[in-house]
Amino acid sequence: MAITAGMVKELREMTGAGMMDCKKALTETNGDMDAAVEFLRKNGQAKAEKKAGRIAAEGIVKTVVKDDKVAAIVEVNSETDFVAKNDDFQGFVEAVVNQAVDSDAADIDAFLAEAWAADPSKTVKDALVEKIAVIGENLNIRRFEKVTAENGCVVSYIHGGGRIGVLVAADTDVVNDEIRTCLKNVAMQVAAMSPKYVSRSEVSQEFMDHEKEILLAQAKKENPEKPDNIIEKMIIGRLNKELKEYCLLDQVYVQDSDLTVGKYVDKVAKENNAKVTVTKFVRFETGEGIEKKQENFAEEVAKQMNM
């Protein structure tokens, strides 16, 4: 039977599924509309698209580490915290992070397009759409990152049941429990203090110039009577203070305020006769940067009553 555009449109309006999914369903069922709806429901695609417009700002972050050398971190969002705590959702996120650690995808679009490890006949996007239909909320695989430590090890840390996840990689010639514990403590520091860089060597000149410009404006406004040479010294002092907050290794170590993070790592390395250099960290916080929808109950009631 020939599948017309009108049939595809009708099925799309009935189910909310994607246009190509509707066309495939009609082709598979020889144009039988009821059978096509059932086909889409069985494949988890019916109504998934309708949920896609809703804001998914809750969810969890998960990590996985393989053989100390390769790790992945993912953030998968849901609409509500209730669903984020659901075992079915948590199991799906676990599958996603295990997919990510073995993936060669360079970005999220490529990741969503690759074959789903649990069922290679589907893509990761297909698995996501099915899970949306099962759970009944909009879900979103928002981001992932892989970290490799060829000459050392990588550790992970999850805070708040998945609200924050961190990976820390280091070059080290010794990998033992003490070194792993040290790096785990560094990961906890990253979770708590949210640095921007590992060390000052990563800070770009562009960033430095931008911060100096802001600090100069602040200093002149606060101290209009001071000469430029004094203002310059004030700026240098303030910039150094900022860098101690922005750079992980310069931060005061939260578990021992007598040490910086860098000195803590050096101390543990010396105790283990090792050379340890923190090379990278990744920090994901659930929902960061997503503008959550503000519900107004009074407005919602008024709309329903046509007020």
Side-chain angles (χ1 to χ4, degrees), residues 59-77 84 87-128 131 139-192 195 198 202 248 261 265 268-269 272 274-286 288:
I60 55 171
V61 174
K62 276 190 180 287
T63 60
V64 64
V65 180
K66 291 179 66 175
D67 303 321
D68 288 328
K69 297 292 185 183
V70 183
I73 182 170
V74 301
E75 178 188 354
V76 182
N77 300 120
D87 287 343
D88 193 17
F89 177 77
Q90 297 243 351
F92 176 68
V93 181
E94 188 76 32
V96 171
V97 76
N98 282 305
Q99 175 97 19
V101 79
D102 292 325
S103 175
D104 293 322
D107 55 43
I108 194 67
D109 289 334
F111 179 68
L112 290 171
E114 71 182 26
W116 182 235
D119 183 352
S121 69
K122 306 171 186 174
T123 64
V124 175
K125 178 66 180 294
D126 291 336
L128 173 64
K131 193 58 63 176
L139 310 177
N140 180 37
I141 301 173
R142 185 185 182 198
R143 52 183 170 165
F144 77 99
E145 189 161 342
K146 279 182 68 173
V147 172
T148 302
E150 294 179 0
N151 301 310
C153 71
V154 56
V155 302
S156 68
Y157 172 69
I158 292 290
H159 178 76
R163 188 172 65 84
I164 298 172
V166 177
L167 298 178
V168 170
D171 286 345
T172 173
D173 54 356
V174 175
V175 178
N176 58 23
D177 288 344
E178 287 78 13
I179 297 298
R180 291 190 193 92
T181 298
C182 168
L183 295 178
K184 180 83 75 173
N185 288 335
V186 172
M188 291 172 68
Q189 174 92 18
V190 172
V198 173
E202 293 183 357
L248 172 63
V261 174
V265 173
V268 175
N272 287 270
K275 295 179 181 178
V276 182
T277 303
V278 177
T279 56
K280 182 181 180 68
F281 69 82
V282 180
R283 182 186 188 275
F284 283 1
E285 183 168 350
T286 302
E288 60 186 337

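Because only heavy atoms are used, hydrogens play no part in the values below, and waters and symmetry mates are left out as well, while side chains stay in.
- With sequence neighbours left out, the side-chain contact (heavy atoms from CB on, under 4.5 Å) criterion links T172 to C153, V174, V175, I179, A274, V276.
- With sequence neighbours left out, the side-chain contact (heavy atoms from CB on, under 4.5 Å) criterion links N98 to V64, E94.
- For the residue pair G161 and I158, the shortest heavy atom distance occurs at C-CG2, 4.2 Å.
- Residues V155 and V65 fail the side-chain proximity criterion, which asks for heavy atoms closer than 4.5 Å.
- Here the closest non-hydrogen pair linking A170 and A149 is O-CB, 4.2 Å.
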Side chain to side chain contact (heavy atoms under 4.5 Å, CB included), that's the test. Do V147 and V168 meet it? Break it down for me.
CA-CA 8 Å; V147 172; V168 170; over 6 Å; no
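- Closest non-hydrogen pair, S103 versus A105, comes out as OG-N, 2.9 Å.
- Put simply, the side chain of E178 never gets that close to the backbone of V268: no donor and acceptor are under 3.5 Å apart.
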Between E288 and R143, does a salt bridge (Lys or Arg N to Asp or Glu O under 4.0 Å) hold up when you go through it step by step?
CA-CA 12 Å; E288 60 186 337; R143 52 183 170 165; 2.6 Å; yes
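- Looking at residues two or more places apart in sequence or on another chain, you find no salt bridge (charged side-chain N to carboxylate O under 4.0 Å, His left out) involving D107.
- Residue pairs meeting the salt bridge (charged side-chain N to carboxylate O under 4.0 Å, His left out) criterion with at least one partner in residues 153-164, sequence neighbours excluded, are R163-E285.
- Under the side chain to side chain donor-acceptor pair (under 3.5 Å) criterion, K66 pairs with D102, not counting sequence neighbours.
- Between the side chain of R283 and the main chain of V190, a donor-acceptor pair closer than 3.5 Å is present.
- R180 meets the side chain to side chain donor-acceptor pair (under 3.5 Å) test with D68, D177; sequence neighbours excluded.
- Counting only residues at least two apart or on different chains, the side chain to side chain donor-acceptor pair (under 3.5 Å) pairs with a member in residues 149-162 are T63-S156, Y157-H159.
- Listed by chain and number, the residues in a side-chain contact (heavy atoms from CB on, under 4.5 Å) with A84 are I60, S78, D81, F89 (sequence neighbours excluded).
- Residues forming a side chain to side chain donor-acceptor pair (under 3.5 Å) with K280 (at least two apart in sequence, or on another chain): E145.
- Every residue two or more places apart in sequence or in another chain that forms a side-chain contact (heavy atoms from CB on, under 4.5 Å) with T123 is listed here: K125, D126.
- A search for side chain to side chain donor-acceptor pair (under 3.5 Å) contacts involving N272 returns N176, not counting sequence neighbours.
- The closest side-chain heavy-atom distance from Q189 to V166 is not below 4.5 Å.
- Legend: ring pair (Phe, Tyr, Trp, His ring centres under 6.0 Å) pairs involving residues 92-121, not counting sequence neighbours, sorted by first then second residue: F92-W116, F111-F144.
- With contacts defined as side-chain heavy-atom distances shorter than 4.5 Å, the pair T148/V154 does not qualify.
- The shortest side-chain heavy-atom distance between L183 and V278 falls under the 4.5 Å cut-off.
- Side-chain contact between T279 and V198: absent, with no pair of heavy atoms (C-beta onward) separated by less than 4.5 Å.
- Under the 3.5 Å distance criterion, the side-chain polar atoms of K146 are matched with a main-chain donor or acceptor of V101.
- The two atoms that bring A117 and Q99 nearest to each other are N-OE1, 2.8 Å, heavy atoms only.
- Distance alone, capped at 3.5 Å, is enough to place a donor-acceptor pair between the D173 side chain and the K275 backbone.
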